[in-house]
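Below is one structure. I have some questions about it.
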Amino acid sequence: MNSDFNCADFAFLDSGTGGIPYMLALKKKQPLARCVYLGDTAHFPYGEKSVEEINDCAAKAVSLIIKKWNPKTLIIACNTISVTALDRLRSIFPKLPIVGTVPAIKLAAKVTKNKKIGFLATNASVNSPYSKKLIEDFAGDCHIFSRGDPKLVDFIEKDFFTATYEQKKACVKPAVDYFKSCGCDVIILGCTHFTHIAEIMQDVAGEDIKVIDSREGVSNQAIRVESADGHKKTAALEKPFRDLSFFVTEASPSEEKEYRLLCERLNIPWGGISL
Ligand code: DGL
């Protein structure tokens with residue numbers, strides 16, 4: 001365990017590698033921020049779990065994060081956990097500012113011209129009352145075509161980083177074809193894992209469809225929350241930090257090899273298995 005991580009500015013939580021693009025987006029805006037990331041791989045995939053299981057696993061993962069890294073701000077870099085458990089987590093951990101990641105429905109409603117929006121997420125997110133309320137509140141005049149895609153989530157978590165470009169394209173094609181056949185002019189990436197394939201999806205979708213996600217909104221919100229406390233911000237800037245470590249809660253030796261490779265490629269220190 002890297003002992004430098006006794007107090008991170010930002011901690012990120014997802015079920016696996018999905019939230020990494022969110023951490024990178026934040027780090028781009030705040031290069032000196034001390035970041036740590038936990039993928040709760042022992043409980044992957046969250047998107048196929050019941051509400052109770054998601055609540056339970058997420059609360060345990062947040063406890064672990066607080067114990068290990070005592071972060072000033074926590075970013076739930078997972079739509080499934082956010083739409084299911086955010087309120088509960090905030091009530092269990094009232095002292096910790098928690099920023100959630102929710103599907104970019106509001107943005108999609110602004111971007112669409114023909115009012116046909118594709119919503120690509122996990123089954124848990126697609127079916128959650130929270131997502132339905134977001135749609136009702138912000139895209140009531142649009143037709144939303146939802147698709148839960150656990151196969152794509154699984155591919156990204158397990159095979160994406162070693163797959164060829166052609167294999168990646170083949171994997172996103174069924175979702176893109178579905179949204180095309182519905183006439184959508186916007187696709188929301190409502191699962192953080194999908195942000196790894198945002199560019200490929202945009203290539204496959206072509207210029208008539210805009211592929212959007214919430215990286216920009218979430219990193220801006222996290223920085224706003226963090227900056228609301230001047231003392232915290234000063235501490236972050238005064239102490240340059242070897243950071244961006246990626247930890248997981250479980251990995252077989254071959255998975256660990258892949259995580260190490262991914263970290264190397266993204267220039268993120270591999271943290272190890274954290275229990
Ligand atoms: N990356 C997560 C999300 O944004 C969930 C993936 C999963 O564990 O099913 O929903």
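As the structure lists them, so they are numbered: ligands from 1, and atoms in each ligand from 1.
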Answer whether the closest heavy-atom distance between the side chains of Asp9 and Glu226 falls below 4.5 Å.
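Touching, per the 4.5 Å side-chain cut-off.
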With heavy atoms of Val153 as the reference, note each atom of ligand 1 found under 4.0 Å away.
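With Val153 as reference, the close atoms of ligand 1 come out as 6 (C), 7 (C), 9 (O).
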Are Val204 and Leu152 joined in one hydrophobic group, where the rule is that I, L, V, M, F, W and Y side chains link up if heavy atoms are under 4.5 Å apart?
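Yes, because Val204 and Leu152 connect within a single hydrophobic cluster, where side-chain heavy atoms sit under 4.5 Å apart.
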Proximal candidate to atom 2 (C) of ligand 1 [heavy atom criterion; set Pro103, Ser82, Gly18, Cys78]:
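Residue with the shortest heavy-atom distance to the ligand atom: Cys78.
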Heavy-atom pairs closer than 4.0 Å: do any link ligand 1 to the side chain of Asp14, the backbone, both, or neither?
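Side chain only; the backbone of Asp14 stays clear of ligand 1.
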Please tell me whether Asp40 and Tyr46 have a donor and an acceptor in their side chains that are separated by less than 3.5 angstrom.
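Per modelled atom types, Asp40 and Tyr46 side chains form a pair under 3.5 Å.
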Nearest non-hydrogen protein atom, atom 10 (O) of ligand 1
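So the nearest neighbour among protein heavy atoms is Thr80 OG1, 2.5 Å.
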For Phe44, take its heavy atoms, then give the atoms of ligand 1 lying under 4.0 Å from any of them.
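The list of qualifying atoms is 8 (O).
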Looking only at distance, does Glu48 have an N or O less than 3.5 Å from an N or O of ligand 1?
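For ligand 1, there is no N or O atom that lies under 3.5 Å from one belonging to Glu48.
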State the atoms of ligand 1, each with its element, that fall below the 4.0 Å cut-off from a heavy-atom position in Tyr46.
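By the 4.0 Å cutoff, the relevant atoms are 7 (C), 8 (O), 9 (O).
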Looking only at distances, can you tell me whether any N or O atom of Ser125, backbone or side chain, sits closer than 3.5 Å to an N or O atom of ligand 1?
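N/O-N/O distance under 3.5 Å: no.
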Would you say that more than 12 heavy atoms from the other residues, nucleotides or ligands in this model lie under 6.0 Å from the CD of Glu199, or not?
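Open: at most 12 neighbouring heavy atoms sit under 6.0 Å from CD of Glu199.
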If the cut-off is 4.0 Å to any non-hydrogen atom of His193, which atoms of ligand 1 fall inside it?
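The list of qualifying atoms is 1 (N), 2 (C), 6 (C).
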Under 4.0 Å from ligand 1, counting heavy atoms only, is it the side chain of Ser15, its backbone, both or neither?
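Looking at Ser15 and ligand 1, just side chain atoms fall under 4.0 Å.
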Option from Asp56, Leu64, Val62 for which side-chain contact (heavy atoms from CB on, under 4.5 Å) with Lys60 holds
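When side-chain contact (heavy atoms from CB on, under 4.5 Å) is applied between Lys60 and each of Asp56, Leu64, Val62, only Asp56 qualifies.
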Linking I/L/V/M/F/W/Y whenever any side-chain heavy atoms sit under 4.5 Å apart, do Ile188 and Phe145 land together?
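Different clusters.
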Give a yes-or-no answer on whether the side chains of Asp185 and Thr112 include a donor-acceptor pair shorter than 3.5 Å.
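Judged by distance alone, the side chains do pair up.
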Without hydrogens or angle criteria, can the side chains of Glu48 and Thr122 be said to hold a donor-acceptor pair below 3.5 Å?
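No, because no side-chain N or O of Glu48 sits under 3.5 Å from a partner of the opposite role on Thr122.
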Number the atoms of ligand 1 from 1 as they appear, then name those within less than 4.0 Å of a heavy atom of Gly47, with their elements.
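Counting atoms of ligand 1 from 1, those under 4.0 Å from Gly47 are 7 (C), 8 (O), 9 (O).
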Using heavy atoms and a threshold below 4.0 Å, how should the contact between Thr122 and ligand 1 be classified: side chain, backbone, both, or neither?
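Side chain only.
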